[in-house]
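All chains are named by letter (A, B, ...) in the order of the sequence lines, taking the proteins before the strands, and each is independently numbered beginning at 1. Keep in mind that this is a model prediction, so the values were computed, not measured.
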2 protein chains.
Amino acid sequence: MEPTYALGLDYGTNSVRAVVVACADGRAVGTSVHDYPSGDRGVILNPKDPHLARQNPADWVEGLEAAGRGALAEAETDPAFSRQRVVGIGVDTTGSTPLPVDERNVPLAMDPRWAADLAAHAWLWKDHTGAQEAADITAAAKEHAPQFLTPIGGTYSSEWFWSKIWKCLKVAPDVFEAAASWVELADWVPSVLAGVDDPAQVVRCACAAGHKALYVPGAGGLPPRDFLARLDPRLGELRSRLYERAFPPDRAAGLLCAVWATKLGLPEGIPVAMGGFDAHYGAVGAGVRPGTLVKIIGTSTCDIAIAPAEGVPGEVPGICGIVDGSVMPGYHGVEAGQSAVGDLLRWWVEAVCEGDDALHSALSDEAARLRPGESGLLALDWNNGNRTILVDPRLTGLLVGQTLHTGRAEVYRALIEATAFGARAIVERLVERGVSVDRVVCCGGIAAKNDLFLQIYADVLARPMLVAGSPQTPALGAAISAAVAAGAARGGYSSFEEAQAHMTSLKEERFDPDPAAVGVYDELYGMYRELHDSFGSVRGASADLPTLMKRLLMLRERVVGGGAA
Amino acid sequence: MEPTYALGLDYGTNSVRAVVVACADGRAVGTSVHDYPSGDRGVILNPKDPHLARQNPADWVEGLEAAGRGALAEAETDPAFSRQRVVGIGVDTTGSTPLPVDERNVPLAMDPRWAADLAAHAWLWKDHTGAQEAADITAAAKEHAPQFLTPIGGTYSSEWFWSKIWKCLKVAPDVFEAAASWVELADWVPSVLAGVDDPAQVVRCACAAGHKALYVPGAGGLPPRDFLARLDPRLGELRSRLYERAFPPDRAAGLLCAVWATKLGLPEGIPVAMGGFDAHYGAVGAGVRPGTLVKIIGTSTCDIAIAPAEGVPGEVPGICGIVDGSVMPGYHGVEAGQSAVGDLLRWWVEAVCEGDDALHSALSDEAARLRPGESGLLALDWNNGNRTILVDPRLTGLLVGQTLHTGRAEVYRALIEATAFGARAIVERLVERGVSVDRVVCCGGIAAKNDLFLQIYADVLARPMLVAGSPQTPALGAAISAAVAAGAARGGYSSFEEAQAHMTSLKEERFDPDPAAVGVYDELYGMYRELHDSFGSVRGASADLPTLMKRLLMLRERVVGGGAA
């Protein structure tokens, strides 16, 4: 049989990457990256509001054509390749990144009447303008529909679907009224490729719906109209213009339409797979399976595991989300994360030490020569809050043990260790609730370049740390979804598991725990948990006496808000 | 009456300073500094043992002549001055800095037989080689003579007299055997000026005896022979070659001998005042009196207060020392301190930020623009342990509240605030035990140059911070002691109080508390005390489960000692 190929499209924060992958072995035969032209590297900001982050849907369309064509052109330099043997297209994106569309599924931002209004653009995942709305949704759900909070770990986020739509309703009611519907980026790109011109026909993925929009399969789907109407009657009215069902990636989102087949020079009618979030398809591309935790380690960390439906706990407190079919069909996807990992080191090196990449390397080399426990330091990794397992974005950092002789590299290592301890808290929570973690596969920027990091993680987690073979696991995962959507008969695969077996790999280099270091880190982790529980817990705290970190913040807000001193 | 003068000699760690002072108003008319030629700026080190710090007594003698002559020569440029109207000499020194002497009161280090032996040199205040001996003395006193620990706050230090002599006995028994006696630097310099050639005739000051040598007036003086013999029989034998009585500065240590009168060109027979420690005479020069706390703020801080004998509490837990007559006759001297103050900022600026004096200034300027509470940070000032009120040199630092946006200047300010909170803990302990603190007079390097520091202290302590008028309060205090030793009839004064009234002053610039800042700092101090009590207290700690800071250190020592990882 002649070789077949799949096209994976990875929509990141600053650019879209297209990768043409050989179905036989997952090898990338063509790659192209298109930087978004709008805003600051693709992110539209508002100098008056640091919480705002929007994106221009026109960038996505332009990038789809440019990156797709670029990757395919590069693939053609391989004589074995032919565009006629591309059997499917898969898409992964950031999220939750919803956008308002009109009744033809065209983004309002692409309509001259709304193009100047930032509320009509896509609300990028890291837009935090809806913080108050998120808090109010959490409060309303706690009171009236606590079942919605169970799969998301107990707290609704300002980064998510409803917070953003509700915020839009408040600040730009005209945009809200003009929107026929709201679509996640992960669903919108496949719908474009499939030529869908009616938002009601857009196929919605379980990944975005379940992790970000309070969708619960078999329990009515999205929250009922009366719950939404309690927030705002107009939100209740929107409910019928959204969707009733969301789907795992065991079906295609559509078939490639004639227009886009022409633009890309691909066969019309090949399947366009269900979209999904980058972390989730990244986990697929890293070889996620029951017992394997995939860690995407970058500025922050996203953890993805899957569990067979029969083995899923009803609830894992503090875990971001547990959603049926959000990663692979037949499994519940489990998502957790840490708010600052690479960012924590960057803070130390760039903000405090005022250094650059060279200092990163120098401190990493020096830190590698320290033995576990040698610095006498212990840190909490909460400079950007705690996403899992405390679900508290307002927590702050802590460092203890410093002397007059403590140096930069010792703190650098302590901060890496702190993120490893945070990672262990997540793994322990998963395991104690029945999600097994036998091995860990790492991908992302830090996994690619920082051996010290991975050795410390192996020692702290007392598990081998493996590294994904592909440097682009999200695009590879999207291509895998395309190969599965194509099916075995057309040169793809009949299941994700089968596709992974052929298309994913691990690097030879692996990081095994050193038993002596494991022992030392066991002790240090015990102390980390003491700090974690004492500074992070609400136990013992009351409305009159919140925890110390919160009282510091309350004092700060009072002072900065004017008045004292 | 023609103007009279007093000569003050201030023996520091790196140099000796001589100041000729007008008795009428405390004005310095001649100053000279002589750097010690031996070792590293006067400190003899051992590359193999960072705890060792010795001094060469020959440097002191050479410096006495050089600095004394230099200051007097400069004074002679003032036509009103005459050497014949110098009415007395006073001496302050570092301490505890004991040295072994022979039967003629000559330092063993000046004897060619012992000159090459570091144990025969003076054991400088910051020599910490006797750490084990200090711990053993504390343990022995707790069991057999707890009354000795009361005036010193409960813990004997490795910096003190007996720790050093016992260490010498162990590591250099031949030096120990060759010593006819041991004399504190503060007593030895006056004995040289007075021509004392028999250690039994050296007049010992209550300051050194009471604060460092477990001397208790009216209770047998130094610890009894059987207590010392319990440590080592040879220490018990030494007891009779030391001294039975120590004296407050209400008498002279002797009269200027012919040899030194000739060397300095001063009248033979003028009084040489009792020696004392630099901090204590510094407090005199800063105008200490009941209700006034003097803070000597530099790399570390020394706090000195005095209390009328009838108002002295039996015990102030955690205070370094309470000694009758250690500062001024008729009062108990109370000494407390903080192990790292300027050193804490130096650690941040130089070790972490790798900056210099210019960065100190820049961060200080930036920190001054922050409002109290604005940074959201809170620190413990224990990077070099806690001298008062926890008396625990092994405690370590802590910083909490940092985010990814926390900058250098915010930490810089938080560290200043931490030292101010530590200062408040000392003041509160003094006040609750009956030592009144109505005003604070600052001197030392930081008081001279950092306004932000003093404003924060005023706001945290809720008391005005005054600044001593003299930049050289120790030498001025020594000169005051000389004027008092001379007496009113000879152009001096009849009491320390009278001398201070004429000879000391305050700068016009003062720092008054800002009521709004006081309120914010009240809250922050409450949180500081929570951290202080939770990380610093032994409450709740046991042999099985010491406090977290101690467990980190134990782990560190185990790891560094070899073995794990």
Side-chain angles (χ1 to χ4, degrees), chain A residues 339-340 343-344 346-347 351-355 371-380 382-385 396-408 411 459 514-521 523-524 526-527 530-531 534-535 548-549 551-553 555-560 563-565, chain B residues 339-340 343-344 346-347 351-355 371-380 382-385 396-408 411 459 514-521 523-524 526-527 530-531 534-535 548-549 551-553 555-560 563-565:
Chain A
S339 312
D343 271 352
L344 197 60
R346 194 165 152 179
W347 165 72
V352 174
C353 299
E354 294 190 357
R371 283 180 284 183
E374 184 177 345
S375 71
L377 295 174
L378 182 59
L380 289 173
W382 300 347
N383 286 40
N384 197 23
T396 57
L398 184 146
L399 178 69
V400 62
Q402 52 270 42
T403 71
L404 295 177
H405 305 289
T406 297
R408 298 168 155 196
V411 175
D459 294 336
D514 166 8
V518 168
V520 173
Y521 280 135
E523 286 188 58
L524 278 170
M527 294 188 235
E530 284 177 48
L531 294 176
S534 116
F535 284 89
L548 186 135
M549 282 181 182
R551 279 177 284 143
L552 274 174
L553 289 176
L555 180 63
R556 176 186 201 167
E557 281 157 13
R558 194 149 43 77
V559 167
V560 173
Chain B
S339 312
D343 271 351
L344 197 61
R346 194 165 152 179
W347 166 70
V352 174
C353 299
E354 295 190 358
R371 284 179 285 182
E374 183 177 345
S375 72
L377 296 174
L378 181 60
L380 289 174
W382 301 346
N383 285 40
N384 196 24
T396 57
L398 184 146
L399 179 69
V400 62
Q402 52 269 40
T403 72
L404 295 176
H405 304 291
T406 297
R408 297 169 155 194
V411 176
D459 293 338
D514 165 8
V518 168
V520 173
Y521 280 135
E523 286 188 58
L524 278 171
M527 294 189 235
E530 283 178 50
L531 294 175
S534 121
F535 284 90
L548 186 135
M549 282 180 183
R551 278 177 285 143
L552 275 174
L553 288 176
L555 180 63
R556 176 187 201 165
E557 281 157 13
R558 193 147 45 74
V559 167
V560 174

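- Contact annotation: the side chain of A:Leu399 approaches that of B:Gln402 to within less than 4.5 Å [non-hydrogen atoms, C-beta and beyond].
- Note: A:Leu404 leads A:Leu552, A:Thr396, A:Leu404, A:Leu555 in heavy-atom pairs under 4.5 Å with chain B.
- Side chains of A:Leu398 and A:Leu378 form no contact here, defined as non-hydrogen atoms less than 4.5 Å apart.
- Looking at B:Phe535, the atoms closer than 4.5 Å to chain A (heavy atoms on both sides) all sit in the side chain, from C-beta outward.
- For B:Met549, the part sitting under 4.5 Å from any heavy atom of chain A is the side chain, from C-beta outward, and nothing else.
- Interface residue B:Thr406: backbone and side-chain heavy atoms are both found under 4.5 Å from chain A.
- Between chain A and the residues B:Glu523, B:Glu530, B:Met527, the most heavy-atom pairs under 4.5 angstrom are made by B:Met527.
- Heavy-atom pairs under 4.5 Å with chain A peak, among B:Leu553, B:Val400, B:Asp343, B:Leu531, at B:Val400.
- Judged by distance alone, the side chain of A:Asn383 and the main-chain N or O of A:Leu344 form no donor-acceptor pair under 3.5 Å.
- For the options A:Thr403, A:Asn384, A:Val352, heavy-atom pairs under 4.5 Å to chain B are most numerous at A:Thr403.
- When A:Cys353, A:Gly526, A:Gly401 are compared by the number of non-hydrogen pairs under 4.5 Å with chain B, A:Gly401 comes out ahead.
- Between chain A and the options B:Gly519, B:Gly407, B:Ser375, heavy-atom pairs under 4.5 Å are most frequent for B:Ser375.
- Heavy atoms closer than 4.5 Å to chain A are found in the backbone of B:Leu377, but not in its side chain.
- Both the backbone and the side chain of A:Glu374 come within less than 4.5 Å of a heavy atom in chain B.
- Contact of B:Ala351 with chain A is made through backbone and side chain together, with heavy-atom distances under 4.5 Å.
- In this structure, chain A has heavy atoms under 4.5 Å from both the backbone and the side chain of B:Leu548.
- With a threshold of 4.5 angstrom between heavy atoms, B:Glu354 approaches chain A through its backbone and through its side chain.
- Here the side chain of B:Arg556 pairs no donor or acceptor atom with the backbone of A:Gly373 at under 3.5 angstrom.
- Considering every non-hydrogen atom in both A:Ala517 and A:Pro372, the closest pair reads CB-CG, 3.8 Å.
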